[in-house]
Amino acid sequence: MTFVVTQACVDVQDKSCTQVCPADCIYEGGRMMYINPDQCIDCGACEEVCPMSAIRYDGDLTDADLQFVDINAEFFDGMETPKGARKLGRIDRDVPFVASLPRTTD
Ligand code: SF4
């Protein structure tokens, strides 16, 4: 079980979550943030601060957002286990589903 960033983050990336994550496991992609499920310690701090209510416990996801469990995990496929999001910085790519979404901002 893990916390998951959902579609409400796309093209917003407020990043308040990264300031409170004790595991430093919320990574910045091109259009949204992604939580590394192998590093998340399920503390819930990120869910409380997200102004978009984009972060949910995977057991509380709506049917529409369930796919984001796999989408968050997919972002880290093929990557060496990152040492921490703040040090790594922005990773200018997204998983294909997110990259294909229509832009909601200019
Ligand atoms: Fe980080 Fe806690 Fe959110 Fe997991 S639940 S991503 S450890 S703030």
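Here, residue 1 is the first one in the sequence, and each next residue gets the next number. Each ligand, and each atom within it, is numbered from 1 in the order the structure gives. Below, each value reflects all heavy atoms present in this structure, side chains not excepted, and no hydrogens, waters or symmetry copies.
Considering only residues two or more places apart in sequence or on other chains, Thr18 meets the side chain to side chain contact (heavy atoms under 4.5 Å, CB included) condition with Lys15, Ile26, Met33. Scored by the side chain to side chain contact (heavy atoms under 4.5 Å, CB included) test, Ser100 finds no partners at all (sequence neighbours excluded). Here Asp24 pairs with Ala85, Arg86 under the side chain to side chain contact (heavy atoms under 4.5 Å, CB included) rule; sequence neighbours left out.
Ion pairing between Arg90 and Asp92 holds under the 4.0 Å rule for side-chain N and carboxylate O. With respect to the salt-bridge test (charged N to carboxylate O, under 4.0 angstrom), the residues Arg103 and Asp11 qualify.
Within a radius of less than 2.8 Å around atom 4 (Fe) of ligand 1, the protein N, O or S atoms are Cys40 SG.
The shortest distance between side-chain heavy atoms of Val98 and Tyr34 falls below 4.5 Å.
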